[in-house]
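These notes are about the structure you will find just below.
Chain letters run A, B, ... following the sequence lines, proteins first and then strands; every chain starts at 1. Both backbone and side-chain heavy atoms feed into the values below; hydrogens, waters and symmetry mates do not. Owing to the predicted nature of the structure, the values given are computational and were not obtained by experimental measurement.
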Number of protein chains: 2
Amino acid sequence: MVSLREAVMTPDLQPAFRALADPTRRDILRMLGDREMTIAEVSENFDMTRAAVKKHLVMLSDGGLINVRAEGREKLNSLNADALRPVMHWLGWFDQFWDTRLDALKNVIEQEETND
Amino acid sequence: MVSLREAVMTPDLQPAFRALADPTRRDILRMLGDREMTIAEVSENFDMTRAAVKKHLVMLSDGGLINVRAEGREKLNSLNADALRPVMHWLGWFDQFWDTRLDALKNVIEQEETND
DNA sequence: TTGACATGATACCATTTGGTATCGCATATA
DNA sequence: TATATGCGATACCAAATGGTATCATGTCAA
């Protein structure tokens, strides 16, 4: 029996971290930020076969990072950004070790971002 | 020529993401949060040979996640948490997609954490 | 019903990954 | 100087990964 907090914040991180370890899959995630896409549409953006893209989508799905919805003979893949929260949470533990000398620089950068 | 922001916030993320993709390496990072350790010391915490641990340390070093300092015939490995910032930054892009309905739950959890 | 088409499934291949065993080298220390 | 010790390097192996080609299946449309 795990606590509510454990259940929500500490699922098995391995599938998500593994899914994020490939640049193609990270690119796919950002593409799906725009809109949900079929496998064929995703594949158009890469120089590889649809079967290869399909494998990446399976890994993303295994990590819970995308949802797949059937519509007729098409499968629409959509981003599930919430699955990135546990990953962020894990990384957040390291906040305590961040070099505070960089904070000023961080602020500068974030200021720049507001001007994008 | 890349901008300051690009140089600081968008280095090549691949070595870091790859380093984070293995549970042993993630465990090592948290161990090194306590104190810097020799290879032998890190190896004591795992059921694998020193050579295997060494390989993990090399990958962590490739990702910039640890620093290695020689002291006599020993090599002291220490956490470089700052290298996780670009990773956090990349993940932060997805904040815009997070389900706001989870924010209340997140607050509850963070409240719990203050009571640890 | 008959194609056309989007997807799924499988077999296969090369490379990377995660591990072991073993040897050599540099550095403390008796 | 010997010798023990901490580490690095290499060769090797099994399994996972990232890709291809090919065929099967379900669904839309004429």
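The closest donor-acceptor contact from the side chain of R25(A) to the backbone of R18(A) lies under 3.5 Å. Looking only at distances, a side-chain donor or acceptor of E41(A) sits under 3.5 Å from a matching main-chain atom of T38(A). A donor-acceptor contact shorter than 3.5 Å links the side chain of N80(B) to the backbone of G64(B).
Considering only the side chain of D22(A), dG18(D) comes nearest among dA21(C), dG18(D), dT7(C). When each of dT7(C), dA9(C), dT17(D) is scored by its nearest atom to the side-chain atoms of R18(A), the top-ranked nucleotide is dT17(D). Of the listed nucleotides (dC7(D), dG18(D), dT17(C)), dT17(C) has the atom at the smallest distance from the side chain of M59(B). Taking every side-chain heavy atom of K55(A) into account, dA11(C) is the closest of dA21(D), dG18(C), dA11(C). Which of dG8(D), dG8(C), dG19(D) sits closest to the side chain of M48(A) comes down to dG19(D).
Rounded to a whole Å, the CG atom of L20(A) is 12 Å from the P atom of dG18(D). Summarising the geometry, the separation between CG on L76(A) and C1' on dT27(D) is reported as 14 Å, rounded to the nearest angstrom. Atom C1' of nucleotide dG6(D) and atom CG of L57(B) are separated by 14 Å, given to the nearest angstrom. At whole-Å resolution of the value, NZ in K54(A) and P in dC5(C) are 21 Å apart. As rounded to whole Å, 10 Å separates atom P of dT7(C) from atom CD of E44(A). Whole-Å rounding puts the R50(B) CZ to dA9(D) C1' distance at 11 Å. In this structure, E41(A) atom CD and dC5(C) atom P are separated by 16 Å, rounded to whole Å. A straight line from CZ of F46(A) to C1' of dT20(D) spans 17 Å, rounded to a whole angstrom.
In terms of phosphate contacts, T49(A) brings a side-chain nitrogen or oxygen within less than 4.0 Å of OP1 or OP2 of dT20(D). Contact annotation: R25(A) reaches the phosphate of dG18(D) (side-chain N/O to OP1 or OP2, under 4.0 Å). Put simply, H56(A) has a side-chain N or O that comes within less than 4.0 Å of OP1 or OP2 on dG19(D). Close to dC7(D), at under 4.0 Å from its OP1 or OP2, lies a side-chain N or O of T38(B).
Rounded to the nearest 0.5 angstrom, L20(A) CG and L91(B) CG are separated by 6.5 Å.
Residues T24(A) and H56(A) have side chains in contact (heavy-atom distance under 4.5 Å, counting atoms from C-beta outward).
Position along DNA chain D of the nearest nucleotide to A21(A) versus E71(A) favours A21(A) as the more 5'-ward residue. If K75(B) and G72(A) are placed on DNA chain D by their nearest nucleotide, the residue sitting closer to the 5' end is K75(B).
Across all strands shown, A52(B) has heavy atoms under 4.0 Å from base atoms, whether or not it also approaches the sugar-phosphate. Residue-level contact check: A40(A) touches the backbone only, with heavy atoms under 4.0 Å from sugar-phosphate atoms and none from bases.
Side chain R73(B) to base dT5(D): a donor-acceptor pair is found below 3.5 Å.
In the hydrophobic clustering of this structure, M59(A) does not group with L57(A); members are Ile, Leu, Val, Met, Phe, Trp, Tyr whose side-chain heavy atoms approach within less than 4.5 Å, directly or through other members.
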